[in-house]
Protein chains: 2
Amino acid sequence: MTQLDTHGMLRGAGLRVTEPRRAVLEALAGLPHASADAVHARVSQTLPDVSLQTVYNVLHDLTGRGLARSIEPGDHPARYELRVGDNHHHLVCTHCGAIADVDCVVGHAPCLTPDDDHGFAVAEAEVMFWGLCGDCKHAVAVPSPASVHL
Amino acid sequence: MTQLDTHGMLRGAGLRVTEPRRAVLEALAGLPHASADAVHARVSQTLPDVSLQTVYNVLHDLTGRGLARSIEPGDHPARYELRVGDNHHHLVCTHCGAIADVDCVVGHAPCLTPDDDHGFAVAEAEVMFWGLCGDCKHAVAVPSPASVHL
DNA sequence: GTCCTTCTTTTGAATTCTTCAAATCACGAC
DNA sequence: GTCGTGATTTGAAGAATTCAAAAGAAGGAC
């Protein structure tokens, strides 16, 4: 595993370097798409005194400074990932909330620029694929009519 | 306004026809992208005794049967819309949660089919554009660095 | 038209994720 | 090393949504 320059990342973002923050960054590196709870659990392994509240604070700071990104899959708790340079989207399991990365479906700019922006200042376009993950595919009974929507 | 065949819609979906359900359908027709609370407020105008809980129940039933669709914009409460035949996506205001429809960015199937589905049974692809709506554009101070993501 | 079964609705409370607030603590500029 | 600002802790609050049990109504059968 590539060593993470947590110090440089935090300082570069104008944040103070603290153990909780370094630990959250490392947790995110080790746990892609982790929930706040999962991050807290992982952080607690090395820093047992870090509170869940602190994890929320840190995640908030990291996303605010662009170091991390939050994914909010509908009715499931928010997930977080390190903001990596590459462009990718997400597969979300409607049953268990599992998330997988999808490489960007190449340079189809149309997906980014709505024909009519209704006066919105569009900052970001997000593509999310909903479905059942491998595990839930077998576990779940009803195979709902897959209504594909674009 | 085109009259809504609420009776036919419900029966066609295998649901009993009740006043609360007809009222919710009509509320959705009149209030695109309404929250459960907004639907409840609208329904209460004609049926003051319908509880918020019932609205949640009905919305759940309607989405389950494919009559309605729920949009879950991150940290804002869920919104609902009648499931219309056309394909469109949504502009969401990151500040106030306002939602606008965007016509489908034409037939770019690539947006629909991830290269690697990681074993997922993909049922739906959703595109969401995040930004500031016309009102909030002026109201909000900081114009954050528009990091476009595809 | 009436009855009966099943599905809906109501009422009231609980759950979960997330945020707020005040006091203590520590990073890091000087 | 000192100091000021920013970070963390603790404890509790908040909001959207869901659960559960009892009462009520839809609609098919007769």
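Quick caveat, the model's predicted, so the values are computed rather than measured. The chains referred to below are lettered A, B, ... by the order of the sequence lines, with proteins before strands, and numbering in each begins at 1.
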Checklist entry - Is the backbone N or O of B/Gly131 less than 3.5 Å from a side-chain atom of B/Lys137, with the two atoms forming a donor-acceptor pair by type? => result no

Next on the checklist: Could you check whether any side-chain N or O of A/Thr54 sits under 3.5 Å from a backbone N or O of A/Val50, counting only pairs where one atom can act as donor and the other as acceptor?
Outcome noted: no

Next on the checklist: Both atom distances under 3.5 Å, Watson-Crick or G-U wobble: I'd like the secondary structure of DNA chain C as a dot-bracket string, with | for pairs made across strands.
Outcome noted: ||||||||||||||||||||||||||||||

Next on the checklist: What is the first contacted nucleotide of DNA chain D and what is the last, in 5' to 3' order, if contact means an atom lying under 4.0 angstrom from a heavy atom of chain B?
Outcome noted: D/dA16 to D/dG28

So, using side chain to side chain donor-acceptor pair (under 3.5 Å) as the criterion, who are the partners of [X] when residues are at least two apart?
| X | value |
| --- | --- |
| B/Asp61 | B/Arg21 |
| B/Thr94 | none |
| A/Glu26 | none |
| B/Thr46 | none |

What are the two closest heavy atoms between [X] and [Y], and how far apart are they?
| X | Y | result |
| --- | --- | --- |
| B/Arg79 | B/Cys96 | NH2-O, 4.4 Å |
| B/Leu31 | B/Arg42 | CD2-NH2, 3.4 Å |
| A/Ala68 | A/Leu28 | CB-CD1, 4.1 Å |

Does anything in [range] reach DNA chain C, meaning a heavy atom under 4.0 Å, and if so which residues?
| range | result |
| --- | --- |
| residues 6-17 of chain A | A/Arg11, A/Arg16, A/Val17 |
| residues 31-40 of chain A | none |
| residues 41-59 of chain B | B/Asp49, B/Val50, B/Ser51, B/Gln53, B/Thr54, B/Asn57, B/Val58 |

Next on the checklist: Quick check: on DNA chain C, is the nucleotide nearest B/Asp61 upstream (toward 5') of the one nearest B/Asp75, or the reverse? Name the residue that is more 5'.
Outcome noted: B/Asp61

Checklist outcome for this item: The first and last nucleotides of DNA chain C lying within contact of chain A, meaning any atom under 4.0 Å from one of its heavy atoms, run from C/dC17 to C/dA29

Which value, rounded to the nearest 0.5 Å, describes the distance between [X] atom [atom1] and [Y] atom [atom2]?
| X | Y | atom1 | atom2 | result |
| --- | --- | --- | --- | --- |
| A/Leu52 | A/Asn57 | CG | CG | 9.5 Å |
| B/Phe120 | A/Cys136 | CZ | SG | 8.0 Å |
| A/His60 | A/Ser70 | NE2 | OG | 9.5 Å |

Item to check | For B/His118, all residues meeting ring pair (Phe, Tyr, Trp, His ring centres under 6.0 Å), sequence neighbours excluded | outcome: none

I'd like a table of donor-acceptor pairs (distance under 3.5 Å, sequence neighbours excluded) in which one partner is a side-chain atom from residues 4-11 of chain B, with atom names and distances.
unit_1	atom_1	unit_2	atom_2	d
B/Asp5	OD1	B/Gly8	N	2.9
B/Thr6	OG1	B/Arg22	NE	2.9
B/Thr6	OG1	B/Arg22	NH2	3.2

Checklist entry - Just checking, is any N or O donor in the side chain of B/His89 or B/Asp101 under 3.5 Å from an acceptor N or O on the other one? => result no

Checklist entry - Is there a donor-acceptor contact under 3.5 Å linking the side chains of B/Glu81 and B/His90? => result yes

Checklist entry - If two hydrophobic side chains count as joined below 4.5 Å and joins carry through other members, does A/Leu82 share a cluster with A/Val58? => result yes

